[in-house]
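All residue numbers refer to positions in the sequence shown, counting from 1. None of these values were measured; they are calculated from a predicted model.
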Amino acid sequence: MPEEAEARTEAASLEEVARAAAHAFDLVPAGPAEQDTRSGTAQRLETDPETVERDLIKLVLTIVELLRQLMERTALHRVDVGDLREDQEERIGLTLMILQDRMSELCERYDLTMEDLNLDLGPLGSLLPRDSG
């Protein structure tokens with residue numbers, strides 16, 4: 001019996017995750033509870049032909065920013081465990097700084113903020129970690 005209850009709980013949890021992912025990727029209509037904190041409306045990519053380029057850039061920059069943050073965390077972990085030589089640390093640090101500068105330039109060029117790139121995944125939270133400072 002306990003295994004059956006655990007399986008039902010796990011299935012319900014997976015269903016909740018699937019619903020959150022579907023909402024995040026605009027596979028189902030937004031409910032009234034899903035409000036964008038800035039404008040009070042559900043946040044969606046516009047499908048207007050006039051904004052296709054900006055929307056595509058927004059999606060690409062979101063993916064690049066996610067990868068940049070993952071690489072940064074991996075590099076910091078490798079530095080903490082002493083897995084890198086000093087010249088490797090410098091090269092990785094410089095590369096990550098340049099990538100962050102380019103991201104800022106592209107966001108500015110397309111009138112985006114880093115917060116615009118952060119997808120809301122519903123109960124899972126945001127895609128990108130929020131800055132704490």
Check your understanding: Do Arg85 and Glu89 meet the salt-bridge criterion of a basic N to acidic O distance under 4.0 Å?
Key -> no
To the nearest 0.5 Å, what is the distance between [atom1] on [X] and [atom2] on [Y]?
| X | Y | atom1 | atom2 | value |
| --- | --- | --- | --- | --- |
| Leu76 | Asp80 | CG | CG | 6.5 Å |
| Leu84 | Arg78 | CG | CZ | 4.0 Å |
| Thr62 | Met114 | OG1 | CE | 8.5 Å |
| Asp83 | Gln88 | CG | CD | 8.0 Å |
| Thr95 | Ile92 | OG1 | CD1 | 7.5 Å |

**Study point:** Criterion side-chain contact (heavy atoms from CB on, under 4.5 Å) against His77, the qualifying member of Val81, Thr74, Val79
**Key:** Val81
Check your understanding: Out of curiosity, does Met71 fall in the hydrophobic cluster containing Met103 (side-chain heavy atoms, cut-off under 4.5 Å, transitive links)?
Key -> yes
Check your understanding: For the hydrophobic clusters of this structure (ILVMFWY residues joined by side-chain heavy atoms under 4.5 Å, transitively), does one cluster hold both Leu106 and Leu96?
Key -> yes
Review point. For residues Ser104 and Asp101, is any side-chain donor paired with an opposing acceptor at under 3.5 Å?
Key: no
**Study point:** Trace of the side chain to side chain contact (heavy atoms under 4.5 Å, CB included) decision for Leu59 with Asp55
**Key:** CA-CA 6 Å; Leu59 179 61; Asp55 294 338; over 6 Å; no
Check your understanding: Which heavy atom in Arg68 sits nearest to a heavy atom in Leu99, and how many Å separate them?
Key -> CG-CD2, 3.4 Å
Check your understanding: Just wondering, are more than 12 heavy atoms of other shown residues or ligands nearer than 6.0 Å to CD in Glu53?
Key -> no
Exercise for review: May I ask you to decide if Tyr110's main-chain N or O and Arg54's side chain share a donor-acceptor pair within less than 3.5 Å?
Suggested key: yes
Point to revise | Sidechain-backbone polar pair: Asp116 side chain, Thr113 backbone, donor-acceptor under 3.5 Å | key: yes
Practice item. Could you go through the side chain to side chain contact (heavy atoms under 4.5 Å, CB included) check for Leu112 and Leu61 one step at a time? Key: CA-CA 10 Å; Leu112 295 167; Leu61 289 179; 4.2 Å; yes
